[in-house]
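Working notes for the structure below.
A, B, ... follow the sequence lines: proteins, then strands. Residue 1 opens every chain.
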Amino acid sequence: MLDQRFDPAEAEPRLYKAWETKGCFKPSGNPDAEVYSIVIPPPNVTGVLHMGHALNNTLQDILIRFERMRGKNVLWQPGTDHAGIATQMVVERQLAEEGNVSRRDMGRDAFVARVWEWKEQSGGSIVNQLKRLGASCDWSRERFTMDEGLSKAVTKVFVDLYNKGLIYRDKRLVNWDPHFQTAISDLEVDQREVNGHYWHLRYPLADGVTYEHPVKDEDGNVTGTETRNYIIVATSRPETMLGDTGVAVHPEDERYKGLVGKFVELPIVGRRVPIIADEYANPEKGSGAVKITPAHDFNDFQVGERAGLAKLNILSAVAAIVDGAEADAAGIPADYRGLDRFKAREKVIADFEAAELLDHIENVKIEQPFGDRSNVVIEPWMTDQWYVDAKTLAQPAIAAVREGKTKFVPENWEKTYYNWMENIQPWCVSRQLWWGHRIPAWFGPPSDDEGCRSKTSGPFRIFVAPTAEEAKAQAEEFYKCRVNLGPDNTVGYRADQPVGPGNRYTEVDLQHDEDVLDTWFSSALWPFSTQGWPDQTDDLKTFFPTATVVTAFDIIFFWVARMMMMSLEFMGEVPFRDAYIHALVLDEKGQKMSKSKGNAMDPLDLINEYGADALRFAMSRLAGQGRNIRLSKQVVEGNRNFATKLWNAARFAEMNECGAPACIDFPTVESPVNRWILSELSTCIADVTKGIEDFRFNDAAGALYKFIWNTFCDWYVELIKPLLGGMDDGAKSETRQVCGYVLDETLKLLHPFMPFVTEELWERRATGRTAEQGFLMMQQWPAFTGLHDKAASDEINWVIDLITEIRSLRNDLDIPAGTKVPFALVNAGDEIEARAMRHEDVLKRLARLEDIAITDATPAGAVTLVFGDTVTALVIADLVDIDAACKRLDKELAQLDKDITSTEKKLANADFVARAPEEIVEENRERVRDWTARREKLRAARKGLEGL
RNA sequence: GGGCGAUUAGCUCAGUGGUAGAGCACUGCCUUCACACGGCAGGGGUCACAAGUUCGAACCUUGUAUCGCCCACCA
């Protein structure tokens, strides 16, 4: 006997373990079956399950369980991502808490060993959390982006791209994160609006130059000019003036035209820098004159390139402090050395103020770049980094989507994809971290006879190879001398080797690049690196390309686009046929959930409280395409209630011995109610199947909710109670079979969404089921082989409508629920009378009727109920509230009058009749006929009431 | 600055040319033998606004307003 409720806390872990132990998550390996594979978006190894993961993996699990039940050879490939910055951060924090030495004191090898240790001990707890959610990944194949195999793939891709000229080293401005002390890619920078200032600084003009500057009154009208021996520039970052190498004005700006070609004398550093004309200067912004710091600003960099200005690094590349070799050349005073950039800012302002060169300060909101993980202001920096030629790789990736080889769902994300891909910038892939894939590049001294492969050649000769030994061999071949592999952790290279005859070195030390690759570089290979590439494994042949990738829109650029590029380059194929882009999970107010806002809901809390099924179904029902999901506790609770409802339906079945039938011979089913529910089931199967196929999870879940609660529980169960309690053994047996069958089929349909409660019920309903049939999750997906019996549907819908009408009337007339009322059909006709008699028990039971009489005249003291246009039925009651009955009729009559009038008006319109499709016109005519007939009957009933 | 999306019942959202829908919340009744995590019955909307196309518009077109998000080099 089933308990009154499902206990998820007890059942879910037990069921999950049973599935996993029995190997249910492994691919079937059936060579005749179609293959269906998904690679999980690898969560960070440091990650904890959040709502986004919960949604993302629920949707994948639905697809996976669905296709598995459809008999496909299914693989859901799991794994985690080494997450360079995040992981390094976690371990460094741990070191600090334990009072240990810092990473730098520890040294690279020891630190990396320590991270691995952390990973083995505490990494990947998210895997267990995914199991709580019910994710049916094949964990025996779990991968990690820093596995040996995946690292091999990463190295190969880097080397190959380098050899193809698609990876190169370049010195240009990068987004420098001063907190983590590494370069980051454009995507890892968030623009945030903050309260800031424009400092309007006076730069004295050199060589005694002066000019006339317009003076404005308070209303902005020019009232005259004043003579100035300075030019004003506005800046939100005053400290960068230390690295200024120019001042730009717009060529058409009348105010400054005369100053182009002149110089300013830069305060503090005393450097002469030119005033140049450049269209970048916007006369409307600030003072119209803009200071140019090419080494610390992306715009200025380009202006500097055009004007041939020097690029002076004034901040140290180790921390955001004023330092570095070039600071000397820039003439920066000694008391600025070692100052933090913001301290330097204060000092610059103070110095300007002291020199009476600070014109004024303006309070403004400014957009500032922040590191998305560090949350500190990004410093644009001139450094040598590795870049991927994304523009070249993007072309086939764009074409593949245009040709429909990969489809985005919903389609509108293709625009976002194109937009980004068509404007893609070089991808900076080197990171100054220790945790990650070390870049397979070795530096040697430059040679005179051949420049190195980087765009700006720099002082290095670069050897890129899969292993140090191969790099060494390359170098020996190149230098024609002895080559040593330099020790790790030494910065730079030894170019101080003696040069021999013929301008050749006699001995060379190679230094392994210190940097590691962007984490997303390895993620981009995930669909094929997890399957054994670069080896041509069976898994690779079987499961690549994958069917679908499921991810949130904020990952399109980071991951989806890059998988497309890498996959097309190295596999010559798209990595997935469909990219399903789902929404973000927001809180009930539509705010993005975040720890700092304190509005984050923990999926594990919800799972503990309501069960994983409830959370999964809640999200599925809300997962409409193109919509964000607003989740609240209340919604999850509602879906837990749904699970209880299903559970109790099964309990009802159990009490009434509705077991699991071996099979149903549909054509032999006799009872209309059973034929009706089988028809409804067919429709439900079609809707759910189509819904999942089309990634319309909310439609599929909605169809199930409606079928189970409204159709099965509210009506079918009630309608069959008389049959189950009746004397007709044939009907009873048939009903038990059909009820059991429909319930079992429903469990299958619901299983991808609510795997636990359905599996539990399947097991508990095992009576009559053979052991070999096994788990519900391994059952075959229901096919559309039920039946569609229109006559049965018409009949049962008639019964349902009649019961509803009578209940409504009873309610309006305040007839107590317990009171049984006599009921009569008046001149209803043979067919209707027969139908009513067939369902006499049900009608009496559900409408709470005393009896059903067949008459040809309205009984005395009765209230008539007009049901449909052919049936006149009536309710007899001793104490009827006449006023209430009249009111009810009047209300409906008023509505009918309104409807009839407006429809008649429509039909009187010649254009409508002439141009609208015939069936629409006929539909309207029929409507008027029905309504008019009904109105006549209602009017008669109204008259009858007045006589009481 | 560019792009995308949204605006339908108190709330969350379906509905893409033919009589406005669901869930939750709300109101009333009901401890009826699967379920009070329940049942039955209700109330509640000029479909943001304006113009246009059409016999007919929540739906198509254009514009406006408000909100949200993404991208973009921080004077």
Give one of base, sugar-phosphate or nothing for A:Arg5, where a contact means two heavy atoms less than 4.0 Å apart. base
On the side chain of A:Arg807, is there an atom forming a donor-acceptor pair with the base of B:rC40 - under 3.5 Å, no angle test? no
Sugar-phosphate, base or nothing in reach of A:Trp931, heavy atoms under 4.0 Å: base
Indicate, with a heavy-atom threshold strictly under 4.0 Å, whether A:Lys906 touches base, sugar-phosphate, or nothing. nothing
Look at all strands and tell whether A:Asp297 reaches a base, only sugar-phosphate, or nothing, counting heavy atoms closer than 4.0 Å. base
Using a heavy-atom cut-off of 4.0 Å across all strands, would you classify A:Gln302 as base, sugar-phosphate, or nothing? nothing
B:rC60 and B:rG44, which share atom name C1', separated by this distance in whole Å: 30 Å
Would you kindly compare A:Ser236 and A:Gln4 by the position of their nearest RNA chain B nucleotide and give the one closer to the 5′ end? A:Gln4
Rounding to an integer number of angstrom, what distance separates B:rA14 and B:rG5 when you compare their P atoms? 15 Å
Taking the side chain of A:Phe557 as heavy atoms from C-beta outward, which of B:rA34, B:rG18, B:rC71 is closest to it? B:rC71
Determine the Euclidean distance between corresponding C1' atoms of B:rC49 and B:rU12; express it in Å to zero decimal places. 24 Å
Without swapping roles, check the side chain of A:Asn639 against the backbone of A:Val635 for a donor-acceptor pair under 3.5 Å. yes
Ignoring hydrogens and angles, are the base of B:rC4 and the side chain of A:Lys415 linked by a donor-acceptor pair under 3.5 Å? no
With respect to the phosphate group of B:rG15, does any side-chain polar atom (N or O) of A:Arg696 fall under 4.0 Å of OP1 or OP2? yes
A:Asn811 has its side chain closest, among B:rG5, B:rG28, B:rC69, to B:rG28
What is the separation between atom CD on A:Glu922 and atom P on B:rU19, rounded to the nearest whole Å? 15 Å
Under-4.0 Å side-chain N/O to phosphate OP1/OP2 contact, A:Arg237 with B:rC74: no
Given the P atoms of B:rU8 and B:rU46, what is the spacing between them in whole Å? 12 Å
Please work out if A:His197 contacts a base, only the sugar-phosphate, or nothing of the nucleic acid, heavy-atom cut-off 4.0 Å. nothing
Strictly below 4.0 Å: does A:Ser808 bring a side-chain N or O up to OP1 or OP2 of B:rG42? yes
Would you mind classifying the nucleic acid contact of A:Arg927 as base, sugar-phosphate or nothing, using non-hydrogen atoms under 4.0 angstrom? base
Look at the side-chain N and O atoms of A:Trp709 and state whether any lies under 4.0 Å from the OP1 or OP2 oxygen of B:rC37. no
Looking at the side chain of A:Pro380, which of B:rC74, B:rA34, B:rG18 is the nearest nucleotide? B:rC74
OP1 or OP2 of B:rG23 versus the side-chain N and O atoms of A:Lys706: is any pair under 4.0 Å? no
Honestly, is A:Arg562 close enough over A:Trp427, meaning NZ or CZ under 6.0 Å from the six-membered ring centre and within 45° of the axis? yes
Hydrogens and angles aside, do A:Tyr203 and A:Asp244 bring a side-chain donor and acceptor to less than 3.5 Å of each other? yes
Whether over 12 other heavy atoms sit under 6.0 Å from A:Lys721 NZ: yes
Below 4.0 angstrom from OP1 or OP2 of B:rG38, is there any side-chain N or O of A:Asn641? yes
Rounded P spacing from B:rA41 to B:rA57 in Å: 34 Å
Residue matched to B:rC69 through Watson-Crick or wobble contacts both under 3.5 angstrom: B:rG3
Pairwise P distance for B:rC59 and B:rG1, with rounding to whole Å: 29 Å
Measure from NZ or CZ of A:Arg202 to the centre of the six-membered ring of A:Phe352 and say whether it is under 6.0 Å with the direction within 45° of the ring axis. no
I'd like to know if A:Arg341 and A:Glu379 make a salt bridge, using a cut-off of under 4.0 Å between side-chain N and carboxylate O. yes
Tell me, yes or no, whether the heavy-atom count around A:Gln191 atom CD, taken from other residues, nucleotides or ligands under 6.0 Å, exceeds 12. yes
In whole Å, measure the gap between the P atoms of B:rC13 and B:rU54 for me. 36 Å
With heavy atoms under 4.0 Å as the rule, sort A:Val635 into base, sugar-phosphate or nothing. nothing
Under 4.0 Å, heavy atoms only, any strand: does A:Phe642 hit a base, just the sugar-phosphate, or nothing? nothing
For atom P, what is the distance between B:rA34 and B:rC40, given to the nearest Å? 14 Å
Could you state the CG-C1' distance from A:Asp801 to B:rA41, rounded to the nearest angstrom? 15 Å
How is A:Gln634 classified with respect to the nucleic acid when contacts are heavy atoms under 4.0 Å: base, sugar-phosphate, or nothing? sugar-phosphate
Indicate, with a heavy-atom threshold strictly under 4.0 Å, whether A:Glu718 touches base, sugar-phosphate, or nothing. base
What's A:Arg192 touching, base or sugar-phosphate or nothing? Going by heavy atoms closer than 4.0 Å. nothing
At under 4.0 Å between heavy atoms, what does A:Asn698 touch on the DNA or RNA strands: base, sugar-phosphate, or nothing? nothing
Just checking A:Phe298: base, sugar-phosphate only, or nothing, at a heavy-atom cut-off of under 4.0 Å? sugar-phosphate
Starting at the 5' end of RNA chain B, which residue's closest nucleotide do you reach first, A:Asp714 or A:Arg621? A:Arg621
Is a side-chain N or O of A:Arg765 found less than 3.5 angstrom from the main chain of A:Gly740, in a donor-acceptor match? yes
